[in-house]
Amino acid sequence: MHNQIYNQIFFTNVLRLLDERGWTKEQLAELSGVSTSFISDLTNGRANPSLRIMEQLADALETPLPALLETTDLDSKSLALLTGDKGNGLPEGFERVSVVLTAHHAYAVKKWAEYAREKLKKYTSSPFNIVS
């Protein structure tokens with residue numbers, strides 16, 4: 001199931017980047033060395049890319065592979081439907097987000113994250129349950 005989620009996040013991000021750049025799947029195929037038919041199957045949810053293919057596509061899109069796997073423009077309800085998750089695994093009032101920020105803003109968010117981790121400690125007896 002998790003593999004399906006990462007495939008969904010990956011191909012959603014590939015489609016977003018193609019749209020942002022005004023590229024076609026054919027252009028991505030030419031730049032990446034991955035066939036157009038495979039890219040089409042991937043972006044329609046019918047292909048399961050290997051790590052090598054994901055790296056080729058990430059390189060062609062000039063985007064680090066982890067960024068294509070860890071963030072998504074899917075809303076939390078869509079991700080919950082994909083995962084079968086009834087919630088985000090966090091207590092009520094907490095939300096996990098992933099964003100790209102300027103260094104200045106990232107500093108402030110890291111401070112907020114430290115504060116949130118301290119607040120989360122009261123919900124768990126083990127610090128290993130808290131994901132940073």
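The list of salt bridge (Lys or Arg N to Asp or Glu O under 4.0 Å) pairs with a residue in residues 59-69, not counting sequence neighbours, is empty.
Residues satisfying the side chain to side chain contact (heavy atoms under 4.5 Å, CB included) criterion with Glu20, sequence neighbours excluded, are Arg16, Leu17. The side chain to side chain contact (heavy atoms under 4.5 Å, CB included) check on Glu30 picks up nothing, with sequence neighbours excluded. In this structure, Ser50 has no side-chain hydrogen bond (donor to acceptor under 3.5 Å, both in side chains) partners at least two apart in sequence or on a different chain. Not counting sequence neighbours, the partners of Leu31 by the side chain to side chain contact (heavy atoms under 4.5 Å, CB included) test are Trp23, Ala60.
The shortest distance between side-chain heavy atoms of Glu26 and Ile39 does not fall below 4.5 Å. Contact of the Leu57 side chain with the Pro49 side chain is not registered, since no non-hydrogen atoms from C-beta on lie closer than 4.5 Å. Contact of the Val14 side chain with the Leu28 side chain is registered, since non-hydrogen atoms from C-beta on lie closer than 4.5 Å. Residues Lys25 and Thr43 have side chains in contact (heavy-atom distance under 4.5 Å, counting atoms from C-beta outward).
Rounded to the nearest 0.5 angstrom, Ser35 OG and Ile53 CD1 are separated by 7.5 Å. Leu65 contributes atom CG, which lies 10.5 Å from atom CG of Asn13 (distance to the nearest 0.5 angstrom). The distance from atom CG of Leu18 to atom CZ of Phe11, rounded to the nearest 0.5 Å, is 12.5 Å.
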Please list every donor-acceptor pair under 3.5 Å in which a side-chain atom of residues 102-115 meets a protein atom from a residue at least two apart or in another chain.
residue	atom	partner	partner atom	Å
Thr102	OG1	His105	N	3.3
Thr102	OG1	His105	ND1	2.7

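In terms of modelled atom types and a separation under 3.5 Å, the side chain of Arg21 and the main chain of Leu61 share a donor-acceptor contact.
Nearest heavy atom pair, residue Ala67 against residue Thr63, reads CB-CG2, 4.1 Å.
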